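Have a look at the structure below before the remarks.
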Amino acid sequence: MTRRGSRWTAAVRTPVGACSAVLLALVVVLSVLAPLLWGDGAAAIDTDAIGQGPSGAHPFGTDSLGRDLLLRTLVATRLSVGLAVLATAIGAGTGVVLGTLPSVLPRWAARLLTAVVDIAVAFPGLLLALFLAVIFGVGTQGAVLAIGFATAPAFARLVQTLSASVSGRDYVAAARIAGVGRIRLLARHVLPNIGEPLIVNATIGAGSALLAFAGLSFLGIGVQAPDYDWGRLLREGLDGIYVNPAAALAPAAAVVLAGLAFNLVGETVAAVVGVRTRVTRRGAPPRPAARAALPEPPADAVLVVDNLRVAFPAPAGWTVPVRGVSFHVRAGEAVGVVGESGSGKSLTALAVSRLVEAPGVVTADRLEFDGKPLDTASDRQLGTALAMVFQDPMTSFNPARRVGGQLAEVSEQHHGLSRRRAFARAVDRLAAVRVPAAERRARQYPHEFSGGMRQRAMIGMGLMGRPKLIVADEPTTALDVTVQRQVLRLLARTRETEGAAILLISHDIAVVAQTCERMLVMYAGRIVEDLPTGSPAQHPYTRALLATTVDLETDRDRPLEVIPGRPPEPGQVPEGCAFAARCPLVSDRCRTEDPVLEATDRPGHRVACWHPQVRVLSGQSQEEGAA
Ligand SMILES: Nc1ncnc2c1ncn2[C@@H]1O[C@H](COP(=O)(O)OP(=O)(O)OP(=O)(O)O)[C@@H](O)[C@H]1O
């Protein structure tokens, strides 16, 4: 079954999904079959049974012409639901046109249209529908148009907001630069990417349209005799409510149930297409099989991580992108984490910084920072002793606040310094990370900094306290080689002067080899090798990663090395060794038994492989190890 198919199945198995499926099926079946089966019965006048209350023959009684109210309520499903769907389609269609027109109209016309939509949105929907119903004329057609056009402004606003968010994406910019026309840009690049939330909104909107339609018919400006919908039945029922309350209750219950069906279907669709996160939580995240415990960490370990797992709820259970990671970082040590995209490096970094957000769940047998369990550390302790440097400091700084003020905030919050003294410290720290003219720069906004300078300012922010550990997640990926070297040097210098340990996440093994004493190689959410930099790598994955690095000595006449295949997705990690499918040394055992990360005979070296081999990091000499 496809992934989307399994998400539908999972969504329908939730209580809300199951209810929506049952109600929708009921509404659809009644709309199709009720007029065919009971149309004549509902129209049959019985002068002997005029205005009767509930009885065996007429469970909801009869109307003023002796017609059965249950049958009339069932038969009215088709008209009531059909008109609501039609009005919603008109509203959504008009909304899409109104919402997208501003992107193709001249600027003045676009502004005018946007202003008109804004004013219409500010108007209460039902009032607008009443106003339009009077304009379009009393009757079914007028009511459909009135409700359709009354809901259009809300759709138009939604389309405008969604389009604006999509228009900022790189692929739209790329298409624009490639000379794609505005209309084509809209049709090809914008609308397909906002379709799902629009459909979800339209489904939920149909419930409101149903209610609005019942309202108009109830007021006598919707469906006219001899046709009837639930609104009209409700109005007729209310006339005799003291004689037969069931006459009003039946259509009212029908409106509520059908409205509920639309709303619940909208919620379910939202959960499946990802507009809203609805997941099946099946108890706690799965615990991986017991693995060898982390050897007792040294006394000066600043970070101890044992069997760390990060899990996210998914529609069909849990996905566990970090599956039992164990390592330690000693005081002042620089440890690098390498691995291909998706191997779980960033999540590991976020977990040790206590930054994995709900619904993500972090568990570990041991997760200690500075000798204490991480979850017992106060924000203040973490704020001063642990610094985090992100890949893109532009998104980590608040663009609306000056850089100095943002640095100073750390000292105001965590050290209780006055604003003035905190600002002075911010200037001092900016100078310490070699931001030129620190005093002036501190009064500037993040966008006035270059990429490298922003990254240094980010490191400076980490130095506002006395960090024992700096977690740097791809801190140089967005920078050119010269600036990259400056930032790496700054990290190394900070380590020397402040005595801070560094956990450096990078997909670039060369950067880690330059900066760190030890590297952890991650694959599919696990550490597959933990080795001192410069020591021979034994895991075929580490060896393959090393082979793909390019330096000045790389033979340019030979094609670049690549690792064949792709790492498994977090939810599809195979049994046995996760690297088996790509490994040149794979054996039957690799496909069935998952190797444990175990110490080798070399000091400080652990590897998780059934066939470890030895090769020095420079890749020049090769000696085969135990196979
Ligand atoms: N919030 C989340 N919900 C579900 N899955 C997530 C979430 N965040 C990350 N993942 C998944 O976890 C896996 C590991 O992500 P992570 O960002 O740690 O990888 P990475 O090794 O740092 O890769 P990259 O170098 O591309 O950043 C990925 O497959 C990702 O899709």
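Bear in mind the structure is a predicted one, so any value in this text is a computation, not a measurement. Atoms within each ligand, like the ligands themselves, are counted from 1 in listed order.
Summarising the geometry of Arg526 relative to Gly324, their closest heavy-atom pair is CD-O, 4.3 Å, with the distance given to 0.1 Å. Shortest non-hydrogen contact noted between Val403 and Arg441 is CB-O, 4.4 Å.
In this pair, Phe579 and Tyr523 present their aromatic rings perpendicular. The plane angle is above 60°, beyond the 30 to 60° band. Taking the six-membered ring where tryptophan is involved, the planes of Tyr445 and His447 are essentially parallel, since the angle between them stays under 30° and well short of 60°.
The backbone N or O of Leu491 sits nowhere less than 3.5 Å from a side-chain atom of Glu496 that would complete a donor-acceptor pair.
When each of His539, Gln538, His605 is tested with Glu529 by the rule side-chain hydrogen bond (donor to acceptor under 3.5 Å, both in side chains), just one qualifies, namely His605.
Ligand 1 is approached by Gly344 to a heavy-atom distance shorter than 4.0 Å. Within the structure, ligand 1 has Glu340 among the residues with a heavy atom less than 4.0 angstrom away. At a 4.0 Å cut-off, not a single heavy atom of Gly360 sits close enough to ligand 1 to count as contact.
In this structure, the protein non-hydrogen atom closest to atom 24 (P) of ligand 1 is Ser341 OG, 3.6 Å. For atom 12 (O) of ligand 1, the closest heavy atom belonging to the protein is Pro321 CB, 3.1 Å. In this structure, atom 1 (N) of ligand 1 lies nearest to the protein heavy atom Phe312 CE2, 3.2 Å. What sits closest to atom 14 (C) of ligand 1 on the protein, heavy atoms only, is Gly342 O, 3.5 Å. For atom 17 (O) of ligand 1, the nearest protein heavy atom (residue, atom name, distance) is Ser346 CB, 3.5 Å. Closest to atom 30 (C) of ligand 1, if we only count protein heavy atoms, is Pro570 CG, 4.9 Å. Residue, atom and distance of the protein heavy atom nearest to atom 25 (O) of ligand 1 are Lys345 NZ, 3.1 Å.
Taking any N or O of Glu569, backbone or side chain, none lies under 3.5 Å from an N or O belonging to ligand 1. The shortest N/O to N/O separation between His507 and ligand 1 does not fall below 3.5 Å.
Donor-acceptor pairing under 3.5 Å is lacking for the side chains of Asn307 and Ser326.
Glu517 and Arg495 are joined by a salt bridge, as a carboxylate oxygen and a charged side-chain nitrogen come within less than 4.0 angstrom of each other. With respect to the salt-bridge test (charged N to carboxylate O, under 4.0 angstrom), the residues Arg606 and Asp530 qualify.
With a 6.0 Å radius and a threshold of 12 heavy atoms from other residues, nucleotides or ligands, Arg434 has its CZ atom at or below the threshold.
By the definition of a contact as any protein heavy atom under 4.0 Å away, atom 20 (P) of ligand 1 is in contact.
Closest heavy-atom approach to atom 9 (C) of ligand 1 among the candidates Asp473, Leu347, Thr348: Leu347.
The distance from ligand 1 to the heavy atoms of Glu474 drops below 4.0 Å at these ligand atoms: 25 (O).
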